Number of protein chains: 2
Amino acid sequence: MLSKKTKYALHALTYLGKHKDEKTVLIQDIAEEHGISHKFLENILLELKKAGMLGSKKGKGGGYYLIKEPKEIPLSRVIRLLDGPIALLPCVSLNYYEPCAECKNEAICGINRVMIQVRDETLKILENKTLEDILKEE
Amino acid sequence: MLSKKTKYALHALTYLGKHKDEKTVLIQDIAEEHGISHKFLENILLELKKAGMLGSKKGKGGGYYLIKEPKEIPLSRVIRLLDGPIALLPCVSLNYYEPCAECKNEAICGINRVMIQVRDETLKILENKTLEDILKEE
DNA sequence: ATAAACCCTATAAAATAAATAGGGTTTGTA
DNA sequence: TACAAACCCTATTTATTTTATAGGGTTTAT
């Protein structure tokens, strides 16, 4: 399951996508819309900004805005940023690889091999679904 | 990512699959092979037994054994049993449904709709990969 | 000047996962 | 028939991760 962080990030991105004709959107507006703590959401938006998905403007009249086209933001990107690996095991993660302690020899581990296949197929799904798909459904 | 419980369960099932010509296998043998605590593994094997995947024999000379063909044990089954939902959000889980607190109206939520699609495609993968696929790779 | 907004780091609280403990029950074998 | 080896069960503790809070600092439009 996705963490609340990721879930909130998706809500925030969706909100920003729906209001992209407005120049900026306030944290407070998104937080109120979804009943999220202002401060918690702030941390999430900062991460999205550092990752290059959002821009922001300081000072009175400032706020956040999308700096990418919704179709350029795949679910895989958001999930990896806030939740970490998409792979089901550390030993098959592309971005967060770690060996499995209980595995004597990864090279001959059937679980490892199958999980690589699962990872590749799952990635295909999550790379193809983007913020645009979410917006189209609203 | 899968919990250690699920990972250990997969290792245990694989071990049992590789030794299915022997009548029974001891917890201790599996635990030693993968450096898992005997007691922790015991709890996992009991769950697998309750779920109808394993049989066991008490008393001296007893142990655990597979009671299903490896191809009848899909990953989805093991994951759901030990880890819970396969869906990425509670509001799209088939087996562990719960509404999302921050969602005002699930019926018009684009995230919900897209996550239903992701769930269906992910399920296809995890239902098609079975213990047999793991055993074939070893 | 000032208020409204973003930015940053650290810490606390809550929830979950992982492991341990301690015994009970069953059953094959000597 | 005693005993040891194995499964069976429940509860508790420990560790880790997630979630949330706190408290301020910096920037900028008006």
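Residue numbers begin at 1 in each chain, while the letters A, B, ... track the order of the sequences. Computation of the quantities below employed the complete heavy-atom set of this structure, encompassing side-chain atoms and omitting hydrogens, waters and symmetry-equivalent molecules. Note that this is a predicted model, so its numbers are computed, not measured.
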Might you confirm whether atom CD of A:Glu69 has over 12 heavy atoms from other residues, nucleotides or ligands at distances under 6.0 Å?
no

Tell me: CG of B:Asp83 to P of C:dA17, nearest whole Å?
7 Å

With a 6.0 Å cut-off on the ring centroids, do A:Tyr15 and A:His11 count as close?
no

Taking only side-chain nitrogens and oxygens of A:Thr24, does any of them come within less than 4.0 Å of OP1 or OP2 of C:dA5?
no

side-chain contact (heavy atoms from CB on, under 4.5 Å) between A:Ile44 and A:Ile36, worked out
CA-CA 11 Å; A:Ile44 294 164; A:Ile36 307 169; 5.7 Å; no

pair A:Tyr65-A:Lys20: side-chain heavy atoms closer than 4.5 Å:
no

Identify the pairs formed between an N or O of the protein and an N or O of nucleotides 12-16 of chain C at a distance under 3.5 Å, and give each distance.
none

A:Ile36 CD1 to D:dT19 P: how many Å, rounded?
12 Å

Within residues 5-17 of chain A, which residues have any heavy atom lying less than 4.0 Å from an atom of DNA chain D?
A:Lys5, A:Tyr8

For residues 38-58 of chain B, the salt bridge (charged side-chain N to carboxylate O under 4.0 Å, His left out) pairs (sequence neighbours left out) are B:Lys5-B:Glu47, B:Lys39-B:Glu42

Interatomic distance, B:Leu2 CG vs C:dA18 P [rounded to whole Å]
10 Å

Qualifying residues under side chain to side chain contact (heavy atoms under 4.5 Å, CB included), relative to A:Pro90, sequence neighbours excluded
A:Glu98, A:Cys100, B:Met1, B:Lys7

Starting from C1' on C:dA19, measure out to CD on A:Glu102 and report it in whole angstrom.
15 Å

For B:Asn112, the side chain to side chain donor-acceptor pair (under 3.5 Å) test, sequence neighbours excluded, returns none

Whole angstrom is fine here: how far is it from CG in A:Leu82 over to P in D:dT19?
10 Å

Over how many whole Å does the gap from B:Lys4 atom NZ to D:dT14 atom P extend?
18 Å

Taking CD1 from B:Ile27 and C1' from C:dA19, how many angstroms apart are they, rounded to a whole number?
15 Å

Side-chain N or O of B:Tyr65 less than 4.0 angstrom from OP1 or OP2 on D:dA6?
no

Residues passing the side chain to side chain donor-acceptor pair (under 3.5 Å) test with B:Gln28, sequence neighbours excluded, are B:Glu32, B:His38

For the pair made of CG in B:Leu81 and P in C:dA17, what is the distance, rounded to whole Å?
14 Å

Identify, with sequence neighbours excluded, every residue that meets side chain to side chain contact (heavy atoms under 4.5 Å, CB included) alongside A:Asp21.
none

Going by side chain to side chain contact (heavy atoms under 4.5 Å, CB included), name the residues that satisfy it together with B:Ala51, two or more places apart in sequence or in a different chain.
B:Met53, B:Arg77, B:Leu81

Side-chain donor-acceptor contacts of residues 120-138 of chain B below 3.5 Å, not counting sequence neighbours, with atom names and distances?
| residue | atom | partner | partner atom | Å |
| --- | --- | --- | --- | --- |
| B:Thr122 | OG1 | B:Val118 | O | 2.7 |
| B:Asn128 | ND2 | B:Lys124 | O | 3.0 |
| B:Lys129 | NZ | A:Gln117 | OE1 | 2.4 |
| B:Thr130 | OG1 | B:Glu132 | N | 3.2 |
| B:Asp133 | OD2 | B:Thr130 | N | 2.8 |
| B:Glu137 | OE2 | A:Gln117 | NE2 | 3.4 |
| B:Glu138 | OE1 | B:Lys18 | NZ | 2.8 |
| B:Glu138 | OE2 | A:Gly110 | N | 2.7 |

Partners passing side chain to side chain contact (heavy atoms under 4.5 Å, CB included) against A:Ala87 (at least two apart in sequence or in another chain):
A:Val92, A:Ser93, A:Arg119

Please list, in numerical order, the residues of residues 37-52 of chain B that have a heavy atom closer than 4.0 Å to any atom of DNA chain C.
B:Ser37, B:Lys39, B:Phe40, B:Asn43

N/O contacts under 3.5 Å, protein versus nucleotides 24-30 of chain C?
| residue | atom | partner | partner atom | Å |
| --- | --- | --- | --- | --- |
| C:dG28 | OP1 | B:Lys57 | NZ | 3.2 |

Are A:Ser56 and C:dC7 close enough that a side-chain N or O sits under 4.0 Å from OP1 or OP2?
yes

